[in-house]
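Below you'll find the structure, written out as structure tokens, and then a few comments.
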Amino acid sequence: MENSNKAIFLDRDGVINVEVGYLSNPDDFKFTEGTIEALRILNEKGYLLIVITNQAGIARGYYNEEILTNIHNKMNTILKEHSVILDDIFYCPHHPEFTGSCDCRKPNPGMILKAKEKYDIDLNNSYMIGDTLNDIQTGIKAKCKTVLVLTGYGKEEQKKIGPFIPDLIFKNLKEFAKNILNQ
Ligand SMILES: [Mg+2]
Ligand SMILES: [Zn+2]
């Protein structure tokens with residue numbers, strides 16, 4: 001059986017929106033520069049756009065799932081105003097110290113594997129994009145191509161590249177989107 005869909009798996013904080021540390025208020029949600037345009041380019045290129053995000057702030061009690069939904073509704077509303085369709089959002093609300101271990105918390109590939117089943121995704125021709133080496137490790141485990149972006153924690157993380165080496169490194173999501181257009 002051949003899987004036909006290809007996807008861009010996107011870490012959220014530090015990639016799509018500005019990293020603020022446990023974002024817990026929709027008012028603090030701000031897109032990183034060029035991200036809306038980047039997502040539009042990737043949309044047009046035929047990729048599913050799927051957010052894969054650890055939200056341990058829920059396990060820690062910093063915010064609840066209703067607030068997280070409000071944040072995601074704001075994100076989706078703005079994207080729709082710009083004709084960008086985000087196909088899905090998978091989040092892990094757990095943290096081992098508070099809720100025990102789980103399969104979904106990155107660097108486990110559980111959320112990507114769930115998305116693969118739901119959308120019949122060819123992981124080898126899909127990308128995991130993140131601003132941390134934890135995201136890169138997740139992508140490697142799921143057998144995706146991996147991209148480190150230098151927004152969010154990216155610049156700090158780039159200095160620590162060792163066991164987990166991204167396939168590609170870009171300044172931000174927009175630079176990635178523009179480049180993949182030529183591949
Ligand atoms: Mg991040
Ligand atoms: Zn989890």
Side-chain angles (χ1 to χ4, degrees), residues 7-26 28-36 38-39 42 49-69 71-72 74-75 79 86 88-118 126-142 144-162 164-177:
I8 308 287
F9 298 111
L10 299 139
D11 173 45
R12 197 197 74 185
D13 299 309
V15 177
I16 293 177
N17 57 279
V18 176
E19 171 66 66
V20 296
Y22 296 109
L23 175 62
S24 59
N25 184 336
D28 296 333
F29 179 94
K30 300 216 165 33
F31 283 100
T32 51
E33 199 189 333
T35 286
I36 295 175
L39 294 176
L42 295 169
L49 301 180
I50 299 175
V51 172
I52 300 288
T53 179
N54 282 355
Q55 293 298 327
I58 292 173
R60 291 174 177 278
Y62 295 162
Y63 48 92
N64 59 30
E65 304 209 27
E66 188 184 346
I67 288 169
L68 186 69
T69 300
I71 291 168
H72 290 164
K74 178 182 177 180
M75 173 170 72
L79 288 175
L86 202 58
D88 215 332
I89 300 170
F90 291 82
Y91 64 88
C92 166
H94 310 119
H95 187 283
E97 286 173 30
F98 300 87
T99 50
S101 62
C102 67
D103 295 333
C104 44
R105 181 173 164 81
K106 295 181 285 185
N108 295 317
M111 291 187 279
I112 292 182
L113 299 179
K114 206 167 150 189
K116 175 201 186 313
E117 291 306 312
K118 187 169 175 183
S126 298
Y127 292 85
M128 174 71 214
I129 304 184
D131 68 320
T132 69
L133 296 178
N134 201 47
D135 298 312
I136 301 309
Q137 189 182 353
T138 308
I140 291 170
K141 282 186 176 182
C144 296
K145 294 182 253 190
T146 58
V147 182
L148 182 73
V149 287
L150 302 181
T151 47
Y153 296 118
K155 283 189 183 132
E156 284 303 307
E157 291 283 293
Q158 187 181 20
K159 295 175 191 163
K160 296 187 270 175
I161 286 176
F164 307 109
I165 302 171
D167 294 310
L168 299 165
I169 299 175
F170 284 101
K171 193 178 122 199
N172 55 35
L173 191 60
K174 190 175 171 186
E175 288 303 311
F176 165 73

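Numbering of ligands and ligand atoms starts at 1, following listing order. In this text, all values refer to a predicted model and were calculated from it rather than measured experimentally.
- Taking the N/O/S atoms of Asp11 in turn, the shortest distance to the Mg ion (ligand 1) belongs to OD2.
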Inset, instruction - Run the numbers on Tyr91 and Arg12 for side chain to side chain donor-acceptor pair (under 3.5 Å), then give the verdict. - result: CA-CA 10 Å; Tyr91 64 88; Arg12 197 197 74 185; over 6 Å; no
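- Donor-acceptor pairing under 3.5 Å is lacking for the side chains of Asp135 and Thr138.
- To the nearest 10 degrees, the Zn ion (ligand 2) sees SG of Cys104 and SG of Cys102 at an angle of 110°.
- A 4.5 Å side-chain heavy-atom check between Leu148 and Gln158 finds at least one atom pair inside the cut-off.
- The nearest N/O/S atom of Asp131 to the Mg ion (ligand 1) is OD1.
- Of all N/O/S atoms in His94, ND1 sits nearest the Zn ion (ligand 2).
- Residues Lys160 and Glu157 are paired through a salt bridge, judged by an N-O separation under 4.0 Å between the basic side chain and the carboxylate.
- Using a 4.5 Å heavy-atom cutoff, the side chains of Ile16 and Thr53 are not in contact.
- Metal site remark for the Mg ion (ligand 1): Asp13 contributes an N, O or S atom at a distance under 2.8 Å.
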